[in-house]
Amino acid sequence: MLDTLGTLERTHSCGELREKNVGEKVVLMGWVAKKRDFGVLTFIDLRDRDGITQIVVSEETDLDAHEKAKAIRGEYVIAVKGEVFSRAEGTHNKKLATGDIEVHVHEVLILNDAKTLPFELEKAGSQNLASEDLRLKYRYLDLRRPRLQHNIRMRAKAVKEIRNYMDNLGFTEIETPILLKSTPEGARDFIVPSRIHTSKFFALPQSPQILKQICMISGLDKYYQIARCFRDEDLRADRQPEFTQLDVEMSFANQEMVYRVIEGMFTSVLRLIDVELPNPFPRMTYAEAMRRFGSDKPDLRFEMELQDLSETLKGTEFAPFASVLENKGEIKCIVVKGKADYSRKTLDELQEFVKRYGANALAWVKVADETTSSLLKVLGEEAISNIVSNVNAEKGDLILIVAGKKSVVAAALGALRIEVAKRENLIDRNAYKPLLVTEFPMFEYNDETGNYDAAHHPFTSPMDEDLEKFKTAIEDESQRHLLGEVRAKAYDAVINGYECAGGSIRIHQKSIQALNFKALGLSPEVARERFGFFLDALEYGTPPHGGFAAGIERTCMILCGTENIRDVMAFPKTASAQDLMMDSPGTVDDSQLKELGIKVVE
RNA sequence: GGAGUCAUAGUUCAGUUGGUUAGAACGCCAGCCUGUCACGUUGGAGGUCGCGGGUUCGAGCCCCGUUGACUCCGCCA
């Protein structure tokens, strides 16, 4: 028979009692984390959100309470009444915050029992957690782990800090609809059928982009929102189909003003973990980031920058390299300090690794008394020694070389740089290195369609310096390739290699917007069909404006020191976008479908 | 859409060259135990080796397929 709570109230949490509370009568409630039974004496580790307190029940002094304690099992929910005692000398537990005291209990209430859990929450002395699918199925149990509880609370603190910060700067929190209209470009939409308008569909927002711009046209001036966003795309360790952004837009703003808001926001949030970010953040153009790090989101916690060998190898007779250089490709490398002793097996692994990014091969030079290289036969000793001296490699270093298309070399070496840093433990876990990446390209060439797509989104403003180029490329068909050179007023904030925020200054003049649609290959009719209301709005006095969106989960991953987005979300989905606890997505009744006018085709 | 890794007791894992009755630790159940906190100790229960097919005298192990989890490429304006 279970006990009832009645009017009993907790006096303390399980994490707060200390030496100074000795002698106090207390009531604690929580879950049984562990029971240690000594026959006439029983110890219970009682856990709640705040910590663990040791409970002692003795048969000698409290026969009834002890009888009850005997029946208690793991994860039972109990309430105890007792008195705080200082622990006897030699029995203090330094591993517990409450380890200097214990509660001697004279009354035990069993508020609820519990089945044996399908997995142990945390095995003492072991890092091994139960498999992820099991923990996701029983997410409510996994969430009992102190680590996850800490992360969830850290996330709440971060969001609260962000609200304070934005509010102090005079921004207004504005909610925008979750039921919007589908637009075909960008990510795939989640669509929602309408019962009232059979055969018509809403779409969930990929982001509130257009609506926040409309807010600027409305004169709301400074908008922000902690906005849920939905994208029906494949997942990654840092990507979920629904996620949360701090979405910000401001009027009469230039890039510098937006940068200050971004810097201040991350600075105030990182202070939650006692980290002081530099002010201002270091900056790098997109071109420089790609050149030096092979990535638009470089991790600056370690060096190992990419170095260019194209000049060194100019005129080489080695056909693969010669043809790469002829076709405007690149030959670049990274120097791995002191790793000339890498085995053939390791180098093979790394070669397989870069092949994923489209590289044909990974060449290497081991600098030693007798320098060896996979290229020795084809390039000759002199060329190898030129490479060694031009990249400032020293004895004991390993040079890893990739040749190919610029984009492939950047992707392969950029990823290899991180892979090697992880293998060699070169990343300082306590370092926090922010970076503003600026001057992103306005367009990306699409190999499949032969079109230029918006690199950021179709409302991004070109840089003033590139406006002429932009216009020429659109007006003169033969100069279309210039689109690839136009830079945008677009920027990202990167911390420790994670793209934590991104944004742009928007186009606020209708004529430029029309040109941009033309550049993107959107006919006026199609543009009107998709964005007509927005184009209309642009005509009624649109202020210059811009903003950014910051990923709440990625920011929290950094705050919590985890590399997995599921660790900072209460109810995440699996890599195949399922919820194993609710078993969603699921089917719906035929009657529901009928009402919506929808037929499922098998 | 593609690739890789993994799947054996409730959990985490081991399982030799394909060969008798598939093991360990933790957890669970029962007993003993007055200072534990990874309690100790005695005993016990617990297995469709993810699923389907194949090779073989014989498959946890080899082959094919499939499902799921994770990671990556593509994708993510």
Side-chain angles (χ1 to χ4, degrees), chain A residues 33-45 52-61 66 73-75 85 87-96 98-99 102 104 115-138 183-189 206-207 209-210 229-241 243 349 352-359 408 411-412 415 418-419 442-444 446-448 452-460 488 490 499 502 504 516 520 522 530 551 563-564 566 573-576 578 580:
Chain A
K34 193 80 193 174
K35 186 180 77 164
R36 290 177 294 280
D37 185 348
F38 284 79
V40 295
L41 186 70
T42 297
F43 296 95
I44 291 168
D45 287 342
I52 284 179
T53 300
Q54 175 162 282
I55 305 301
V56 190
V57 197
S58 164
E59 188 180 69
E60 241 171 50
T61 54
H66 187 259
R73 296 289 178 268
E75 299 302 312
F85 277 75
R87 290 208 193 181
E89 209 175 314
T91 66
H92 292 239
N93 186 346
K94 288 202 172 65
K95 291 179 206 157
L96 285 183
T98 60
E102 60 192 16
H104 292 197
K115 293 207 290 190
T116 300
L117 266 42
F119 57 93
E120 292 167 70
L121 296 187
E122 268 171 312
K123 281 194 191 178
S126 162
Q127 300 294 328
N128 281 352
L129 295 171
S131 69
E132 185 127 25
D133 47 344
L134 194 67
R135 287 187 288 123
L136 285 171
K137 182 177 174 189
Y138 297 97
T183 56
E185 53 280 300
R188 294 182 185 89
D189 286 316
Q206 299 171 20
S207 82
Q209 182 60 39
I210 288 188
C229 303
F230 306 85
R231 294 178 190 173
D232 190 2
E233 295 292 347
D234 288 350
L235 293 82
R236 287 287 187 279
D238 63 348
R239 259 167 37 191
Q240 283 266 314
F243 61 100
E349 280 171 18
E352 284 310 304
F353 180 83
V354 296
K355 279 182 175 175
R356 280 190 248 163
Y357 298 86
V408 167
I418 292 165
E419 173 67 15
M442 182 92 174
F443 304 100
E444 274 166 3
N446 186 325
D447 286 328
E448 284 172 29
Y452 284 88
D453 297 338
H456 187 55
H457 58 59
F459 316 110
T460 304
E499 180 195 325
S504 65
N516 201 27
L520 295 169
L522 283 180
R530 291 185 194 164
E563 290 188 345
N564 198 308
R566 293 183 297 277
K573 292 178 177 57
T574 66
S576 61
Q578 283 182 289
L580 296 182

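In what follows, every chain begins at residue 1, and chains take the letters A, B, ... in the order their sequences are listed. This one's a predicted model, so the numbers in the text were calculated from it and none came from an experiment.
Close to B:A30, at under 4.0 Å from its OP1 or OP2, lies a side-chain N or O of A:R73. Within the 4.0 Å cut-off from OP1 or OP2 of B:U36, not a single side-chain nitrogen or oxygen of A:R87 is found. In this model, the phosphate group of B:G35 is not approached by any side-chain N or O of A:N93 to a distance below 4.0 Å at OP1 or OP2. Distances shorter than 4.0 Å separate some side-chain N or O of A:Q578 from OP1 or OP2 on B:A69. For the OP1/OP2 pair of B:U71 and a distance below 4.0 Å, the side-chain nitrogens and oxygens of A:R566 include at least one atom meeting the criterion. Using a 4.0 Å cut-off, some side-chain N or O of A:K34 falls inside it from OP1 or OP2 of B:C39. The phosphate of B:A69 has OP1 or OP2 within less than 4.0 Å of a side-chain N or O from A:S576. Between A:R231 and B:C75 there is no side-chain N or O to OP1 or OP2 distance below 4.0 Å. A close approach under 4.0 Å does occur between a side-chain nitrogen or oxygen of A:S131 and OP1 or OP2 of B:U12. Taking only side-chain nitrogens and oxygens, A:R36 comes nearer than 4.0 Å to OP1 or OP2 of B:C39. The side chain of A:K95 places an N or O atom within less than 4.0 Å of a non-bridging phosphate oxygen (OP1 or OP2) of B:A38.
Annotation for A:N93 and A:R87: closest pair CB-NH1, 3.6 Å, computed over non-hydrogen atoms.
Two residues are said to be in side-chain contact when any heavy atoms from C-beta on lie closer than 4.5 Å; A:D45 and A:Q54 meet this criterion.
A salt bridge links A:R566 with A:E132: the distance from a Lys NZ or Arg NE/NH1/NH2 to an Asp or Glu carboxylate oxygen falls below 4.0 Å. Taking 4.0 Å as the cut-off between side-chain N and carboxylate O, A:D234 and A:R239 do not count as a salt-bridged pair.
Considering only the side chain of A:T116, B:C28 comes nearest among B:C28, B:U36, B:A69. With B:C37, B:U12, B:C76 as the candidates, the nucleotide lying closest to the side chain of A:A130 is B:U12. Considering only side-chain atoms of A:H104, the nucleotide from B:G35, B:G74, B:G68 that sits closest is B:G35. Distance from the side chain of A:E120 is smallest to B:G10 among B:C75, B:G10, B:U12. Comparing B:C76, B:C75, B:G35 by their closest approach to the side chain of A:D234 singles out B:C75. The side chain of A:N564 lies closest to B:U71, out of B:G35, B:C72, B:U71. Listed candidates were B:U71, B:G35, B:C76. Nearest to the side chain of A:A237 is B:U71.
Donor-acceptor pairing under 3.5 Å, judged by distance alone, is absent between the side chain of A:R356 and the base of B:G74. At a cut-off of 3.5 angstrom, counting only N and O atoms as typed in the model, there is a donor on one side and an acceptor on the other between the side-chain of A:E102 and the base of B:G35.
A gap of 16 Å separates the C1' atoms of B:G58 and B:U21, to the nearest Å. With both ends at atom C1', the span from B:C76 to B:G18 equals 47 Å, rounded to whole Å. Taking atom C1' on both B:A25 and B:G46, the two are 15 Å apart, rounded to the nearest angstrom. As rounded to the nearest Å, B:C26 and B:G19 have C1' atoms that lie 31 Å from one another.
Here B:C73 presents its P atom at 8 Å from CZ of A:F353, a figure rounded to the nearest Å. Rounded to an integer number of Å, the gap from CD of A:E233 to P of B:C73 is 14 Å. Distance, A:L134 CG to B:C13 P: 12 Å, rounded to whole Å.
Aromatic ring orientation, A:F443 versus A:Y452: perpendicular (interplanar angle above 60°, classes split at 30° and 60°).
Atom CD of A:Q206 is separated from atom CZ of A:R188 by 10.5 Å, given to the nearest 0.5 angstrom.
A:F119 does not qualify as a stacking partner of the B:U11 base, lacking a centre-to-centre distance under 5.5 Å together with planes within 30°.
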**Request:** Walk me through it: do A:V354 and A:E419 pass the test side chain to side chain contact (heavy atoms under 4.5 Å, CB included)?
**Result:** CA-CA 10 Å; A:V354 296; A:E419 173 67 15; over 6 Å; no
